[in-house]
Amino acid sequence: MLELDDVVAGWHRVRREGSRAELEDLWLEPERIGGGYGRKLFEHAVRIARDGGARALEWDAEPYALGFYERMGGIVIGETPSAAEPGRRLPRMRLTLAAARARPQRGGA
Ligand SMILES: CC(C)(COP(=O)(O)OP(=O)(O)OC[C@H]1O[C@@H](n2cnc3c(N)ncnc32)[C@H](O)[C@@H]1OP(=O)(O)O)[C@@H](O)C(=O)NCCC(=O)NCCS
């Protein structure tokens, strides 16, 4: 959750699913759009996914936010039928997470 001036300005939800994580939600109050907060939220979601050990973050994007997500490094990997609106399809996106953790050394001292 992103709080600005003690008011909730946006949030995201990340759910771990095996080796990948699902970005279930990313939302910003309309008056905060365009101020760099979307990037902050997305980068926070990436950190949580990576720290949880996920190797990829995936999500269903709102079509009008596609450009934002591409700017964040996401790529379209398919389409998901919208659960909310029959007939509507949402771009399915993925960000591959770089190996962030040092692997434990085997053997050696
Ligand atoms: C999509 C959303 C999260 C973007 O947040 P934002 O705070 O406006 O984005 P930022 O200001 O952090 O922008 C980060 C970069 O993405 C770019 N960008 C933002 N929205 C974009 C768009 N729709 N298309 C292309 N680029 C976009 C910005 O220009 C910026 O580029 P820069 O790195 O060159 O500066 C925000 O608009 C939003 O919450 N919208 C309403 C709810 C919503 O659509 N949620 C997504 C549901 S899946």
If you measure from CD on Glu22 to CD on Glu17, what distance do you get to the nearest 0.5 Å?
5.5 Å
Show which side-chain atoms of residues 23-42 pair as donor or acceptor with protein atoms under 3.5 Å away, not counting sequence neighbours.
from  : atom 1 : to    : atom 2 : distance (Å)
Glu24 : OE2    : Arg15 : NE     : 2.4
Glu24 : OE2    : Arg15 : NH2    : 2.7
Asp25 : OD2    : Trp11 : NE1    : 3.0

CZ/Arg50 to CZ/Arg55 distance, rounded to the nearest 0.5 angstrom?
13.5 Å
Take atom CZ of Arg20 as the centre, draw a 6.0 Å sphere, and report whether it contains more than 12 heavy atoms from other residues, nucleotides or ligands.
yes
Using side-chain heavy atoms (C-beta onward) and a distance below 4.5 Å, is Leu66 in contact with Met93?
yes
With sequence neighbours excluded, give me every side-chain hydrogen bond (donor to acceptor under 3.5 Å, both in side chains) pair touching residues 71-86.
Asp60-Thr80, Glu79-Arg89
Would you please test Leu90 and Arg92 for side chain to side chain contact (heavy atoms under 4.5 Å, CB included) and show each step?
CA-CA 6 Å; Leu90 304 176; Arg92 179 81 183 156; over 6 Å; no
State, with a plain yes or no, whether a side-chain heavy atom of Val46 is found less than 4.5 Å away from one of Leu97.
yes
Testing the basics here: between Ala49 and Ala21, what is the closest heavy-atom pair and its distance to 0.1 Å?
CB-CB, 3.7 Å
Heavy atoms only: give me the nearest Gly73-Leu95 pair and the separation to one decimal.
O-CD1, 3.3 Å
Under 4.5 Å between side-chain heavy atoms, chaining through other members, with only Ile, Leu, Val, Met, Phe, Trp and Tyr counted: pull out the rest of the cluster around Ile75, sorted by chain and number.
Ile77
Looking at residues at least two apart in the chain, or sitting in another chain, which of them share a side-chain hydrogen bond (donor to acceptor under 3.5 Å, both in side chains) with Glu70?
none
Between the CD atom in Glu58 and the OG1 atom in Thr96, the distance rounded to the nearest 0.5 Å is 8.5 Å
Partner set under side chain to side chain contact (heavy atoms under 4.5 Å, CB included) for Ala65, not counting sequence neighbours:
Glu62, Tyr69
